[in-house]
Amino acid sequence: MKHIALTIGPIIETLSLGRKTAEIWAASYLFSSFMKDIIDELRELEVKFIIPHIEDNLFCGKDNGIGLFHDRFIFTTDEVSLQNVDKIVQTHKDNLALMVAKSIKEDEQKVKAYIDQYLQTYLVELDDDFKNPILDISDILDSVELHSSHVETDKDYLRLFLNRNTILNSDLAKNTFENKPSFASISEIASCALGKINTKNDDDLYKELEQDKKNFKQAYKYIAIVHADGDNLGLYIKEQDDPSVVSKRLFEFDRKAVEEIKNFGAVAIFAGGDDLLFFAPVLTKEETIFDLLDRLNTLFSDEMKSDKTTLSFGVSITYYKYPLYEALENSRDALFEKAKKYPDAKNPIKNAIHINARKHSGQSFEVTISKAEKNYETFRKLLKDVLVKNLELPHSIHHKLEDYKPLFLKIPPERIKATFDNLFNEEIHQDKFKKGLEEIQKLMIDTGVDEQGFERLFALLSIIKLLRSDR
Amino acid sequence: MSENYLIKLRPLEPFFFGGEYTFGKDDSRNKEEGSRYFAKSELFPQQSALLGMFRKAILNKKNILTLHKKGEWVDSGKKEFESKNENYKEAIRLIGKGRFSYESGFDLGDIIEDISPIFISKDDKNYFVEAKDSSFIPRQSQNKMIVKAKEQNIIYFDGYDAKKSPTPKFRSKTDIIKLGDIYKSIQTVGIKKTQKGKTEDDSLFLKESYYFRNKETFAFVVESSEDMLFLDKTLVALGSDQSSFMLEVTDKNDSFEELTKDIFPSKKEFDRVVLLSETLLTQEAYELCEFIMGERKTMRHLIRNSNKRERKRHKSKRYYLFQRGTVIYTDNLDKLQKKLDITHLQKIGINKYTIAKGEVHA
């Protein structure tokens with residue numbers, strides 16, 4: 001028995017070609033759909049897939065643009081040769097090229113030659129006995145996909161294809177969406193709490209929405225781009241008697257995660273294995289992005305049936321006009337450079353959320369917070385209480401705390417309450433803002449009364465202000 | 001007789017080197033879409049920009065360049081300016097004629113024989129972008145893989161963890177330093193205005209420039225048969241913001257090949273080509289590569305219109321160039337070298353590389 005595996009790309013490079021939501025979607029879905037077509041043909045042969053988990057219903061009907069297929073597969077076989085698999089891969093590469101050529105009305109042979117160079121498909125055949133095939137073969141695929149391809153072309157056909165209007169009229173879109181292909185824009189996603197309004201452009205949309213002075217909030221102008229990834233999955237896989245059970249659990253997680261994302265008003269770009277990528281409003285009528293993250297977190301631990309593996313998130317929050325590709329890159333960095341290295345890159349515990357926010361004014365702030373730590377719970381409670389108006393916070397609390405930070409850093413912990421009471425001793429503090437100030441004090445203590453703690457505190461307060469739609 | 005001059009560029013302010021996309025309108029987008037909002041500087045200037053700066057510095061120092069509020073030019077050899085004909089001839093002699101192109105060579109003039117890729121100089125040490133595979137041990141398996149319909153043995157890397165992005169580094173002959181130890185980024189927000197001073201929609205932009213943390217400089221080696229010391233302590237401008245640099249010259253230096261010889265340690269039985277500059281790989285060269293670990297970027301250059309009345313210049317087709325630090329594994333080293341040695345590119349510091357032979361072959 002041998003293992004045959006495939007890895008495809010370059011995904012990140014292709015995503016960088018997109019500037020609008022539909023373009024980013026298409027850049028991601030192109031690979032998922034390509035992988036789906038190859039697997040659909042291979043499963044008719046004498047092969048047994050280890051990853052991904054395969055079910056017949058994945059190949060029937062339309063998937064409405066949800067990319068569920070990862071960028072790699074692994075199967076075992078005694079019959080099928082590497083060359084046969086390569087022929088199937090090449091056929092579908094050509095089909096993809098023809099679809100692109102038809103959409104952009106360019107010469108088929110030239111587009112085929114370009115796609116053949118650009119699209120990286122690395123097939124490996126392994127005769128070894130693996131103690132843990134998923135992990136061991138994945139390591140080899142990780143190396144193999146480092147190999148760069150060479151492109152020599154007179155036109156960038158893929159760049160021409162990744163244009164919103166071209167995509168929505170393409171066979172790629174028509175074959176996946178049940179209804180007429182459409183894709184919500186950033187502003188439509190960000191403001192979904194107020195319902196759908198057909199307008200020519202983003203600015204007209206907001207002009208209309210802002211007329212509803214009672215319900216409109218500035219937070220509806222911000223979008224969250226979220227990357228999620230499982231932590232310590234390697235260790236988790238090693239502990240399973242049957243590693244293929246992991247694929248099934250992840251598949252179930254993906255399926256349910258897509259539903260949660262959709263119910264929230266967000267748009268899933270990709271959900272495969274332990275990876276998620278979606279665009280979400282930061283605020284809906286009743287919830288914030290953190291409610292969605294918490295639900296996805298619970299879903300993951302329920303499906304994986306273990307607390308050994310957790311989910312980390314990278315969240316980029318930006319104004320609707322901010323370049324989408326940069327926000328996507330920020331979100332990816334937030335996950336892999338911050339959340340996955342929390343609290344210390346050499347000994348990361350992960351299980352964290354890193355938020356990188358950039359306001360329209362240019363002001364930016366960022367924070368990493370562990371979902372297991374007390375300050376996350378305190379922050380979530382404070383945020384909820386502020387938004388449902390259970391309590392009020394003084395508008396200038398941030399600045400006041402910054403001014404008094406040197407004092408708080410010097411005094412012993414047992415003096416913090418007395419100092420707080422002393423600083424906020426006016427009637428309005430004792431009355432209107434009493435509850436709010438108590439919660440802020442709690443958050444300050446839970447984040448830590450040190451330099452790092454204050455940085456975290458101020459970033460969390462900034463997030464609350466943004467979601468509360470302070471100007 | 002030719003000599004090697006070490007040219008240093010000491011930044012006097014933050015610098016910004018544009019790649020293919022900065023703030024100009026992106027022609028791959030719809031016409032109604034504006035220019036980009038955000039651009040990040042590259043670490044190094046393009047060799048074509050470096051050459052342009054250097055040629056201009058020569059003309060300036062030799063008092064051949066006319067500086068006018070309408071622009072800068074070399075007075076042409078027209079009949080009515082007969083007295084300045086010698087000016088023009090001397091300019092051609094010094095720096096040659098013609099513009100940069102990936103496709104064909106052009107005359108560099110009499111005094112520039114060769115310029116090297118730009119690198120970093122610090123404390124009399126020369127730093128080059130570290131090889132991308134430096135932290136890993138390459139291994140070859142008996143198992144097979146198919147790449148572009150070609151079957152070959154699998155090459156994989158011990159020590160590589162896909163979830164950990166390696167820190168970009170620079171290497172000298174004696175030590176290795178991190179990118180962050182040399183470069184510091186600085187973000188600035190600006191507003192674009194029209195010539196009439198009006199602010200347009202979407203005119204806000206964010207720019208990430210760099211400056212050096214300590215006393216680092218850029219450096220490159222120029223091979224010349226004429227004395228270049230006249231250029232020492234010249235103020236030059238480089239980058240899309242025309243940032244100021246002090247150009248310094250020292251003579252009697254090692255060649256670029258000497259400076260980079262044996263700089264990268266070998267890896268057992270693998271022959272490796274480590275790129276020291278941006279590199280254009282032809283299809284024939286690619287087919288001689290077993291494995292390429294590196295970064296690829298797109299680039300286009302401006303081309304002169306055949307209709308000289310047309311002031312606006314067009315961009316060339318898009319070239320995919322492999323970046324400094326890219327490592328190529330090959331078992332056809334001699335043939336690959338012949339394909340990489342594109343003379344007109346190497347003369348201006350493109351397609352420059354060093355060989356790290358496998359220990360078995362060394």
Side-chain angles (χ1 to χ4, degrees), chain A residues 2-3 5 10 13 17 19-20 82-83 85-87 89-90 116-118 120-128 138-156 159-160 162-165 203 229 234 321-323 325-326 333 336-337 340-341 345 358 360 362 364, chain B residues 26 28-30 32-33 36-40 132-133 136 138-139 141-151 154-165 187 189 201-202 204 206 280-283 285-287 289-296 298 317-320 322 326-329:
Chain A
K2 60 191 171 187
H3 292 85
E13 187 177 325
L17 301 178
R19 292 285 169 264
K20 297 186 172 176
L82 189 66
Q83 291 73 15
V85 179
D86 187 54
K87 272 194 194 126
V89 171
Q90 289 305 319
D116 191 48
Q117 289 182 347
Y118 181 89
Q120 288 165 197
T121 54
Y122 302 137
L123 262 175
V124 302
E125 181 182 281
L126 303 150
D127 293 322
D128 310 323
S138 291
D139 280 347
I140 293 173
L141 292 179
D142 286 344
S143 277
V144 157
E145 70 185 13
L146 289 171
H147 180 41
S148 281
S149 63
H150 165 267
V151 181
E152 214 171 302
T153 179
D154 58 344
K155 270 186 190 175
D156 261 325
R159 200 180 287 256
L160 292 173
L162 290 174
N163 170 285
R164 188 173 194 275
N165 292 336
D203 292 336
D229 187 75
K321 286 191 178 190
Y322 189 84
Y325 177 67
E326 276 79 31
D333 282 349
F336 291 108
E337 298 304 319
K340 290 287 202 174
K341 292 181 178 177
R358 187 178 288 278
H360 180 49
S364 62
Chain B
D26 179 348
S28 68
R29 320 308 306 161
N30 291 332
E32 63 270 12
E33 288 186 57
R36 287 166 182 241
Y37 162 82
F38 174 69
K40 189 173 171 175
K132 288 280 180 281
D133 65 349
F136 318 123
R139 303 235 187 261
S141 162
Q142 293 310 307
N143 289 304
K144 299 288 179 201
M145 67 183 279
I146 291 183
V147 179
K148 299 275 182 289
K150 198 176 90 172
E151 202 172 289
I154 295 172
I155 293 177
Y156 64 98
F157 297 89
D158 271 349
Y160 175 65
D161 183 346
K163 304 248 172 172
K164 291 183 183 158
S165 49
Q187 281 193 356
V189 177
D201 286 346
D202 291 332
L204 198 67
L206 179 67
L280 187 67
L281 214 63
T282 61
Q283 182 61 35
Y286 180 73
E287 281 165 12
C289 305
E290 277 191 284
F291 201 101
I292 303 177
M293 187 195 285
E295 198 189 341
R296 205 176 60 191
T298 56
K317 73 175 191 182
R318 195 167 270 113
Y319 294 90
Y320 288 77
F322 285 98
T326 295
V327 184
I328 302 174
Y329 286 72

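Order of the sequence lines sets the chain letters (A, B, ...), proteins ahead of strands, with each chain counted from 1.
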Give a yes or no on this: more than 12 heavy atoms of other residues, nucleotides or ligands lie within 6.0 Å of atom NZ of A/Lys87.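 Open.
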At a 4.5 Å cut-off on heavy atoms, which part of [X] comes close to chain B: side chain, backbone, both, or neither?
| X | result |
| --- | --- |
| A/Asp127 | both |
| A/Asp229 | side chain |
| A/Ser148 | both |
| A/Ser138 | neither |
| A/Glu145 | neither |

Enter the distance from [X]:[atom1] to [Y]:[atom2] here, rounded to the nearest 0.5 Å.
| X | Y | atom1 | atom2 | result |
| --- | --- | --- | --- | --- |
| B/Lys144 | A/Leu123 | NZ | CG | 14.5 Å |
| A/Arg159 | B/Thr298 | CZ | OG1 | 5.5 Å |
| B/Ile292 | A/Leu146 | CD1 | CG | 12.5 Å |

Heavy atoms only, distances under 4.5 angstrom: which of A/Tyr122, A/Tyr325, A/Phe336 has the most pairs with chain B? Name it, please.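 Option with the greatest count: A/Tyr122.
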If you tally heavy-atom pairs under 4.5 Å against chain B, which of A/Val85, A/Thr121, A/Asp86 wins?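 Most heavy-atom pairs under 4.5 Å with chain B: A/Asp86.
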Specify the closest pair of heavy atoms between A/Asp142 and B/Tyr160, including all atoms of both residues, with the distance to one decimal.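 What the structure gives for the nearest pair is O-CE2, 3.4 Å.
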Nearest heavy-atom pair of A/Ser143 and B/Phe157: which atoms, and what distance?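 Taking every non-hydrogen atom into account, OG-N, 2.8 Å.
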Is it the backbone or the side chain of [X] that comes under 4.5 Å from a heavy atom of chain A, or both, or neither?
| X | result |
| --- | --- |
| B/Ile154 | side chain |
| B/Glu151 | side chain |
| B/Tyr329 | neither |

Can you tell if the side chain of [X] reaches within under 4.5 Å of the side chain of [Y], non-hydrogen atoms only?
| X | Y | answer |
| --- | --- | --- |
| A/Thr153 | B/Tyr320 | yes |
| B/Asn143 | A/Asp128 | yes |
| A/Val151 | B/Arg296 | yes |

Would you check if the side chain of B/Gln283 reaches a backbone N or O of A/Glu152 as a donor-acceptor pair within less than 3.5 Å?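 No: the side chain of B/Gln283 does not pair with the backbone of A/Glu152.
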How are the rings of A/His147 and B/Phe291 set relative to one another: parallel (under 30°), tilted (30 to 60°) or perpendicular (over 60°)?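 If you compare the ring of A/His147 with that of B/Phe291, the planes turn out tilted.
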